[in-house]
2 protein chains.
Amino acid sequence: MAENMPTNSSGGESLLYLTDEQLRKGIEAMFFAYRGFTADPDRILENMDYGRAHHRAVHFIHRSAGTTVGNLLAILGVTKQSLNRVLRTLFDDELVEARVGKKDKRERHLHLTEKGRALERALSDAQRSRMRSAYRAAGPQAVQGFRTVLEAMMDPELRRQFQGLVETGQ
Amino acid sequence: MAENMPTNSSGGESLLYLTDEQLRKGIEAMFFAYRGFTADPDRILENMDYGRAHHRAVHFIHRSAGTTVGNLLAILGVTKQSLNRVLRTLFDDELVEARVGKKDKRERHLHLTEKGRALERALSDAQRSRMRSAYRAAGPQAVQGFRTVLEAMMDPELRRQFQGLVETGQ
DNA sequence: AGGATATGTCAGCCTTGTTGACATTCCAAG
DNA sequence: CTTGGAATGTCAACAAGGCTGACATATCCT
C-alpha cells in the first residue's frame, strides 16, 4: 500500500536498503532474533523459580561487580519496587550479597556469591553459545555490521550505558 | 574470571570477534537495542488501551492479510487464550475483522479495517523511522551484516517463518 | 456416523511491570 | 548541629500479558 518505492531522494549509490520493505524485514528480523536470543536462558530459568528479570539482574551484577542498587535501576530501567522484588529473592537464595558502601554507607554494593556466579555461568554459557554459532556462521565482517546497527538503534542514553561510560562508584 | 582469552584453536585469521568478551558485548547490544526498538511504538500505545501484544498482532495481520488465527498463533508463539484476549479487543474496537473461510468455514481470515490500517501505519512509521536512522547511519554494508547475524540467531523454525516459507492458506 | 481440526471461552494462576505512600539511614551544606 | 535531600527498603494495590486446564461449537474428512 504505497510502500516498496525507494525514496530515491539522493542521487548516485543504491539506497535500496532503505526501502520500507527492507525496513520491515529488519523489524521482523529483530523480533524473531530476540526470541531466539532469550530462548536458551529461559529454558534454564523455567525449571527454577526465576524468570528473565532475575537473569538480567544477575547478568549486570556480574558485569559490574560492586555496582549500587541505584546504578542497577538506571541500567535496567525498571522501578525500584520491581527490582527489589527480584533482589530480595536473590538475597534469600544467597545468589547475591549486598555490602554497605565504605565511602557512602547508604549505598549497597552488589556482588554475586559463588552460587550466583554458578548460575550466571550457566545462563551466559547458554546464551553465548547461540551467539557464538551465529557469529561464526556470519563471519567477522557481518558481526561488525551487526554491532554497528544495534548501537545506532539504541537510545542515546542507553548507548552511553552500553559503551560503559558510567562509573560504578567504587 | 578465565574469560577474555580468545579460544585460538584454529590457525590463521583473527578470531578475536569470538572472544567471550566480544560475545558479552553482543548480548548487551541486543538487550539495549531491543529497548530502543520497542520504545517508540510503546510510547504511542501507552496512551491507548493497547500494549505490545496488540502491536504484534496488528503488525502480522497487516503483513499477512487474510492469515488465519492458527497461523498467527504459530508466528507469535503464544497460546490461543492469550491471543484471543488481544484479538477480542481488536474486533470490539473495529481495528480487525475476521472473515469466515470460503474453502474451510472453520477458519477465520483476519484483515485490518481502515481504522486498523491507520494504527498500523502510525506504529510502523514510528518504528521504521528509528530503523531508517540506524540503517542510514550504519550504511548498507553494516545492514547486510546485521541481517545476516540476526538470521543466524533465530531458531530454525522461526527462521523459516521469517523467510516467508509459510503459506497463508488462501 | 465419528474422529480430527479450527476456533472461542471461562476460570484461575504467575511474573513482572506500574503507582503511591511511608520509614530509615546517612551525607552534606548551612 | 540541624536539616534537607539522597539511597534504599517495604507495604499495598493494580494491570498487562503470559500460562494451564477444561469444555463448547462448528466444520471437515474418512
Side-chain angles (χ1 to χ4, degrees), chain A residues 31 34-35 38-39 41-59 61 66-93 96-110 168-170, chain B residues 31 34-35 38-39 41-58 61 66-92 96-110 168-170:
Chain A
F31 174 67
Y34 200 79
R35 286 254 289 275
T38 54
D42 281 358
R43 252 188 299 276
I44 294 175
L45 262 346
E46 80 175 350
N47 300 322
M48 323 173 62
D49 269 354
Y50 304 128
R52 215 175 276 181
H54 299 80
H55 181 191
R56 291 197 283 262
V58 165
H59 173 98
I61 293 172
T67 194
T68 64
V69 173
N71 239 303
L72 203 50
L73 283 174
I75 290 173
L76 296 177
V78 297
T79 58
K80 67 177 173 180
Q81 294 91 330
S82 206
L83 176 58
N84 225 265
R85 186 166 37 204
V86 168
L87 281 183
R88 211 177 315 164
T89 72
L90 294 176
F91 292 148
D92 290 351
D93 298 348
V96 174
E97 64 179 20
R99 302 179 194 156
V100 173
K102 283 172 186 165
K103 276 188 57 180
D104 188 332
K105 291 178 190 164
R106 291 170 305 180
E107 295 180 338
R108 299 299 141 96
H109 298 270
L110 304 171
T168 300
Q170 168 170 125
Chain B
F31 174 67
Y34 200 79
R35 286 253 291 274
T38 55
D42 281 358
R43 249 187 301 275
I44 294 175
L45 263 344
E46 80 175 349
N47 300 321
M48 324 173 63
D49 268 355
Y50 304 128
R52 215 174 276 181
H54 300 81
H55 181 191
R56 291 196 285 261
V58 165
I61 293 172
T67 193
T68 64
V69 173
N71 239 303
L72 203 50
L73 283 174
I75 289 174
L76 296 177
V78 298
T79 59
K80 67 176 172 181
Q81 294 91 329
S82 208
L83 176 58
N84 227 266
R85 184 165 38 198
V86 167
L87 281 184
R88 210 176 316 162
T89 73
L90 294 177
F91 292 148
D92 290 351
V96 173
E97 65 179 20
R99 302 180 193 154
V100 172
K102 283 171 186 167
K103 278 188 56 179
D104 189 332
K105 292 178 188 164
R106 292 170 303 179
E107 296 180 339
R108 301 298 142 97
H109 298 270
L110 304 172
T168 300
Q170 166 174 126

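Here is how names work: the chains are called A, B, and so on, in the same order as the sequence lines, proteins then strands, and each is numbered from 1.
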Subject >> Partner of A:H54 by side-chain contact (heavy atoms from CB on, under 4.5 Å), out of A:D93, A:V86, A:L87 >> reply: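 Going through the options one by one, the only one that passes is A:V86.
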Subject >> Exercise: identify the closest heavy-atom pair between B:L73 and B:L83 >> reply: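 Here B:L73 and B:L83 meet closest at CD2-CD2, 3.5 Å.
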Original post:
Which pair of non-hydrogen atoms, one from A:Y50 and one from A:T89, has the smallest distance, and what is that distance?
Top reply: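 So the two residues come closest at CE2-OG1, 4.1 Å.
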Please evaluate the base of [N] for a donor-acceptor partner in the side chain of [X] within a cut-off of under 3.5 Å?
| X | N | value |
| --- | --- | --- |
| B:R85 | D:dG18 | yes |
| A:Q81 | C:dG20 | yes |
| B:R106 | C:dT5 | yes |
| B:K80 | C:dT7 | yes |

Separation of atom [atom1] in [X] from atom [atom2] in [N], rounded to whole Å:
| X | N | atom1 | atom2 | result |
| --- | --- | --- | --- | --- |
| A:L83 | C:dG17 | CG | C1' | 12 Å |
| A:L45 | D:dG18 | CG | P | 18 Å |
| A:L76 | C:dT18 | CG | P | 11 Å |

Does OP1 or OP2 of [N] have a side-chain N or O of [X] closer than 4.0 Å?
| X | N | value |
| --- | --- | --- |
| B:T79 | D:dC19 | yes |
| A:R52 | C:dT15 | no |
| A:H54 | C:dT16 | yes |

Subject >> Greater than 12 external heavy atoms within 6.0 Å of B:N47's CG >> reply: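 Yes, the 6.0 Å shell around CG holds more than 12 heavy atoms from other groups.
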Quick one: which of [options] gets closest to the side chain of [X]?
| X | options | result |
| --- | --- | --- |
| A:K105 | C:dC26, C:dA6, C:dG17 | C:dC26 |
| A:S82 | C:dT18, D:dG9, D:dG18 | C:dT18 |
| A:V69 | D:dT8, D:dC28, D:dT10 | D:dT8 |
| A:R108 | D:dT8, C:dT7, C:dC10 | D:dT8 |

**OP:** Show your reasoning for whether side-chain contact (heavy atoms from CB on, under 4.5 Å) applies to A:F91 and A:N84.
**Re:** CA-CA 10 Å; A:F91 292 148; A:N84 225 265; over 6 Å; no
Subject >> Upstream residue (5' side of DNA chain C) when A:D49 and B:L73 are each assigned their closest nucleotide >> reply: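 Closest to the 5' end, via its nearest nucleotide, is B:L73.
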